[in-house]
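So the structure is just underneath, and the comments pick up after that.
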Amino acid sequence: MSGLAGAVLFVVLAPVAGGLLVGADRVVTARMQGRVGPPLLQPFYDVGKLLEKEARQVNPVAEPLLLGHLAFMALTGALVLGGVDLLFTVFVFALAALCLVLAAGSVASPFSHAGAERELIVLLATEPFFILMLAAVCKVTGASTFAGVLASPVAVAEELPGVLLAFLFVATVKLRKSPFDIAASHHPHQELVSGLTSDMSGRLLAYVHLAHWYETALLAVFVVLFFNRSVPLGLAVFLLAYAVEILVDNSTSRAKWELVLRSSWAVTLLFSGGNVLAVFLLGR
Amino acid sequence: MSFFRRSPWILHYDGSSCNGCDIEVLACLTPLYDVERFGVVNTGNPKHADILLVTGSVNERNVEIVENLYRQMPDPKVVVAVGACACSGGIFARAYNVQGGIDRVVPVDVYVPGCAARPERIIDGVVQGIAALEGKRAAMAAGRRRGALRPQSGSQPAGAA
Amino acid sequence: MAAATAGPGSLLPALTVFLVAFPLLAGVVLLFTTAPSVRNVIVVGASTVVALASVAAAVAFGNGADVFYGLPGDASPQTAIFIAEVAIALFVIGIGLHYRRFLAPALALAQLAIAIWLQVGGHEPAPDPSRLFWFDRLAMVLVLIVGIIGPLICIHALGYMRDYQRSYPLIRGRRTAFFFLLFLFLSSMFGLVLSNDLPLMLVFWEITTLCSFLLIGYTRTPETIGYAFRALNMNLLGGLGFSIAIVLLSGRPGGLDLARLTAQPAGAVLLPAIALLALAGLTKSAQMPFSSWLIGAMYAPTPTSALLHSSTMVKAGVFLLLRLAPAMAGTEVGTLVAFVGLLTFLFVSLVAVTEQNTKKVLAYSTIANLGLIAGCAGIATPQTVWVGVMIVVFHAVAKSLLFLVVGTLENRLYTKDMEHFDGLLSRMRRVSILALTGIAGMFVAPFGIVIAKWSAIRAFIEVPGWEGAACLLIMAFGSALTIFYWGKMLLKVLSTRAVDPGERALEERVSGFEWFSETAHAAGVVGVAALVGVISERVVGPYALGAFHAAPRTFLDVSPAMLVVLLASVLFLPALGFWAWRRRDYDQADFYASGRQAGADRVVGAALGGTREITLRNYYLEGVVDGGLVFRVGTAVCALVLAAMVVVPAVVRA
Ligand code: SF4
């Protein structure tokens with residue numbers, strides 16, 4: 001697969017896959033609660049509707065920042081699959097997340113602002129892991145691009161089991177799943193109302209949804225990095241992990257941000273840090 | 001085709017109610033009725049909502065809040081009044097602080113009678129609300145095609161000095 | 001070592017003398033200039049000349065091999081050096097006794113004793129008069145930084161000091177001394193970065209220390225005097241290390257020749273001396289355990305912070321470390337220097353997230369970046385040295401801009417508290433766009449710092465053993481912390497709110513000097529970002545390879561896709577500012593506040609029919625990170641590492 005084709009494929013297909021996954025999430029969640037739930041395509045209906053609705057602009061910078069959020073999120077995936085240096089993409093990924101924080105934090109709503117600050121904490125909690133993860137993958141495979149990792153004879157998951165475990169934890173934080181949904185929530189009647197998205201309406205909110213789909217697809221791509229010997233296996237593991245996330249999401253309540261920060265750092269330090277140390281000491 | 005039919009998001013506001021209707025609204029979300037089947041989401045945020053679903057009457061203190069929430073909902077939007085209280089003030093109509101049903105403050109599109117309103121009726125009300133929503137959307141789209149200004153609510157842009 | 005002696009036609013010796021002498025002369029003239037209008041003319045004129053001369057030096061050097069040269073006529077500076085050393089020591093002793101602070105005089109006395117022993121005892125070999133100065137690509141980078149950013153900051157100071165004097169009317173007009181010190185500093189900084197002879201470099205080194213001391217204590221309040229002496233003590237300690245290193249090296253033929261010293265193969269080097277020089281470098285660039293002096297230095301007028309304490313003087317420390325990198329490669333000194341730097345990077349970044357004073361956040365960020373450079377110098381591979389020099393360049397421009405912007409804000413808003421910069425984009429649009437450019441330059445994906453961080457991580461992957469893993473962990477956590485505190489600052493700048501015309505008018509009183517300087521800086525930030533490839537391939541890359549005798553290769557394997565991303569992001573934040581400026585179709589009163597918004601921006605209904613204004617504040621991780629504790633722990637940990645760095649080579653030798 002040539003780089004450009006991969007990039008285009010990601011930009012086109014990732015929202016479809018991400019949207020379907022979010023739809024499946026809602027169906028499975030409903031089934032877990034003994035309900036029928038919405039149709040599988042519900043997320044697409046939602047975004048379609050949001051695009052038709054009026055967008056109320058509270059602030060002049062929110063819309064460009066949210067467009068930036070969406071664009072940089074799509075770009076991150078496109079760069080990964082496009083064959084750009086993996087370590088570089090992590091900075092674009094962080095920039096994408098930062099745009100969302102800035103969009104939410106630049107309005108007067110206290111709910112939105114609190115959500116933004118918490119999302120910044122989520123970024124602080126998860127960013128070390130992503131840098132470490134990509135560095136570790138590059139280290140063990142000796143490659144620096146997605147295609148290079150796939151072509152490597154080294155089975156990444158066998159070398160980096162600790163990093164993989166930590167990934168499952170950090171992905172829960174990144175996907176804003178309970179108990180780590182400190183910055184925003186899909187469920188009403190919480191202390192944050194809608195957190196981050198409290199002041200976004202119409203197409204502004206649609207950008208956030210789309211970016212979330214891209215992000216979900218990007219995490220799937222990251223899982224594939226671990227199972228570089230077999231892409232279908234990687235995707236299967238991702239789906240399995242996502243199912244576990246849904247179960248956890250449904251059976252826990254929201255944690256405080258202090259716990260989110262401390263636990264993410266502890267997991268990153270112990271599991272991925274320990275794993276990386278072992279890799280370096282064993283001289284791979 | 002419009003997506004409003006498939007994705008009506010609701011803001012539930014509880015005015016001066018006895019909480020009877022609120023329990024029934026929540027019952028709609030339970031496995032027995034499961035309104036999420038129709039794409040209904042209880043958002044809790046006017047900026048995200050398409051349907052303002054009010055239970056209970058309007059009193060001296062909450063009149064401003066009902067107004068504000070309604071104003072903050074992006075167009076197109078509809079209001080569904082659930083229960084006798086929301087429709088007319090109900091058993092609280094003569095209370096010293098009650099002004100009456102919510103149509104005193106905001107334009108109501110659908111009235112759902114009952115004390116308390118049954119979940120089936122509430123769902124029916126929401127479905128009628130969706131039809132109204134669809135009409136408003138079509139009117140909005142037509143207006144936009146004719147080049148009319150989009151409905152603008154709220155105060156003057158403060159940054160445009 | 002490509003050691004070509006400058007040909008007779010070369011302009012470099014004359015230009016070097018000019019670069020050192022001219023600012024000094026201008027400073028002395030300014031010392032006796034009290035009329036503001038005359039001062040303005042002299043400062044602008046002298047600044048222009050200095051900038052042109054530094055560019056001329058870079059042009060005269062071209063892009064060729066290293067050039068060594070002496071004073072015109074091969075005059076020997078030895079006596080002059082000695083006299084300068086004695087004068088500096090006597091000045092410190094005098095001022096220390098006057099303020100009854102005795103540590104600094106003691107340190108100066110020790111240095112004086114060493115100088116006398118070396119000079120009068122005849123233990124110091126006479127310097128090679130034809131190898132006093134060393135002009136190579138690294139020196140060129142620093143000459144350009146000092147020669148372009150320095151004058152711009154001096155021009156900015158014209159506007160800043162006018163308002164500063166107004167804000168602090170109790171301070172007697174010492175502006176003559178202020179500008180004298182700025183130009184004296186420029187003069188000594190040129191001397192420092194061009195010196196090849198270590199005793200010569202030490203003299204310039206100590207003059208910069210004195211400038212810093214006097215500028216920190218500019219207001220002469222008990223508080224600032226305390227901070228000034230803290231800076232003096234720590235830097236004199238480094239200077240003492242420098243002196244002892246000279247003693248250790250003076251027994252060897254050519255030992256005081258920096259180029260020869262660092263070109264020796266590892267193993268042949270006198271490691272304890274290298275360790276002591278590294279100690280001097282670490283104190284000058286405020287690495288832990290010496291970071292507290294730079295935080296105290298933030299009490300100096302802001303142009304000082306921009307010039308001495310972020311873009312140039314503290315760079316002298318890492319400049320020396322980068323010079324020493326080839327000699328430190330693969331030694332325990334190198335490893336320990338790297339860990340002092342990287343641990344400092346981590347600890348001060350952690351402290352920065354708890355800090356609310358904008359100037360101090362900038363100071364912590366400066367220390368963090370210097371730590372990263374020190375770390376790169378300590379690891380000492382061509383790749384890491386390349387990263388280190390790149391950070392020197394990008395950091396100098398962007399951080400100087402940010403300090404100047406904060407200075408402007410400080411004189412308008414009478415605060416340095418980040419929380420009070422709320423709604424900046426609405427209140428001061430031009431300043432905001434400049435601030436956005438600076439912040440983008442510091443950390444948003446496009447610019448050099450991110451390229452540098454990315455390359456640092458790449459380089460650390462190659463470092464074998466536990467050191468590599470530790471470096472990666474430190475980078476991972478440090479980078480995340482960086483995003484956190486810059487993100488908070490961006491939130492404050494980008495938030496918009498309704499403003500009254502009075503607040504709007506604030507911006508109109510910013511002086512033309514400040515606008516010119518800051519705009520030129522912003523153009524510089526964009527310029528170096530656009531020229532990243534040229535800077536890397538023509539200047540920094542060849543330098544790093546030359547220093548290590550490594551095979552030529554390119555450093556920036558930036559793919560076209562990356563360049564597109566870089567360009568897109570380069571324009572993102574400033575474009576955002578312009579967008580916000582022009583946009584009209586929004587309603588700030590329409591924010592969500594549970595239906596209680598009261599028809600105006602940030603106003604909500606309150607009890608009994610009243611209204612209240614919402615205050616939004618950033619998180620400072622209270623309860624999770626205790627900034628003071630982290631600072632103390634970091635200081636202690638780094639002090640241990642540093643002690644090991646100084647002691648280990650000596651023990652190993654014994
Ligand atoms: S209509 Fe009846 S049940 Fe509903 S809120 Fe009013 S009193 Fe309660």
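Lettering follows sequence order; numbering is per chain, from 1. Fair warning: this is a prediction, and the values are worked out from it, not measured in the lab.
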Look up atom [atom1] in [X] and atom [atom2] in [Y], then write down how far apart they are to the nearest 0.5 Å.
X        : Y        : atom1 : atom2 : result
A:Ser109 : A:Asn59  : OG    : CG    : 11.5 Å
C:Ile391 : C:Trp386 : CD1   : CH2   : 9.5 Å
A:Phe72  : A:Leu98  : CZ    : CG    : 10.0 Å

[options]: which one forms the most heavy-atom pairs within less than 4.5 Å of chain C?
options                               : result
A:Glu258, A:Arg262, A:Gln57           : A:Gln57
A:Pro64, A:Ala104, A:Ser106           : A:Pro64
A:Thr89, A:Leu120, A:Leu123, A:Leu277 : A:Leu120
A:Val276, A:Leu269, A:Leu132          : A:Leu132
A:Gly82, A:Pro110, A:Ser198           : A:Pro110
A:Asp199, A:Val90, A:Thr268, A:Ile131 : A:Asp199

Which bit of [X] comes within less than 4.5 Å of chain C, counting heavy atoms only: side chain, backbone, both or neither?
X        : result
A:Ile121 : both
A:Leu261 : side chain
A:Trp265 : both
A:Thr126 : neither
A:Val58  : both

Side chain, backbone, both or neither: which part of [X] has a heavy atom under 4.5 Å from chain A?
X        : answer
C:Val463 : backbone
C:Glu622 : backbone
C:Ser594 : both

Any side-chain donor near an acceptor of the partner, C:Thr384 and C:Thr381, under 3.5 Å |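 There is such a pair (donor and acceptor under 3.5 Å, judged by atom type) between the side chains of C:Thr384 and C:Thr381.
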Ignoring hydrogens and angles, state whether a donor on the side chain of A:Tyr207 or A:Glu63 is under 3.5 Å from an acceptor on the partner side chain.
->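 Their side chains do contain a donor-acceptor pair, which is all the 3.5 Å distance test asks for.
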How far apart are the C-alpha atoms of C:Ile461 and A:Leu87, what are their side-chain angles, what is the distance that settles it, and do they pass the side chain to side chain contact (heavy atoms under 4.5 Å, CB included) test?
-> CA-CA 11 Å; C:Ile461 290 179; A:Leu87 282 169; 3.6 Å; yes
Those residues that, when tested against A:Thr172, pass side-chain hydrogen bond (donor to acceptor under 3.5 Å, both in side chains) (two or more places apart) =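 Per chain and number, A:Thr172 pairs via side-chain hydrogen bond (donor to acceptor under 3.5 Å, both in side chains) with A:Glu245.
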By side-chain hydrogen bond (donor to acceptor under 3.5 Å, both in side chains) - contacts of A:Glu127 (at least two apart) |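 With sequence neighbours excluded, A:Glu127 shows a side-chain hydrogen bond (donor to acceptor under 3.5 Å, both in side chains) to no residue whatsoever.
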Parallel, tilted or perpendicular: which fits the ring planes of A:Phe222 and A:Phe93, with parallel below 30° and perpendicular above 60°?
->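 Perpendicular, since the angle between the ring planes exceeds 60°.
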Within 45 degrees of the axis of the six-membered ring of A:Phe280 and under 6.0 Å from its centre: does A:Lys139 put its NZ or CZ there?
->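 So A:Lys139 does make the cation-pi contact.
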Pick from C:Leu481, C:Thr482, C:Leu616 with the largest number of heavy-atom pairs that fall under 4.5 Å of chain A =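 That would be C:Leu616.
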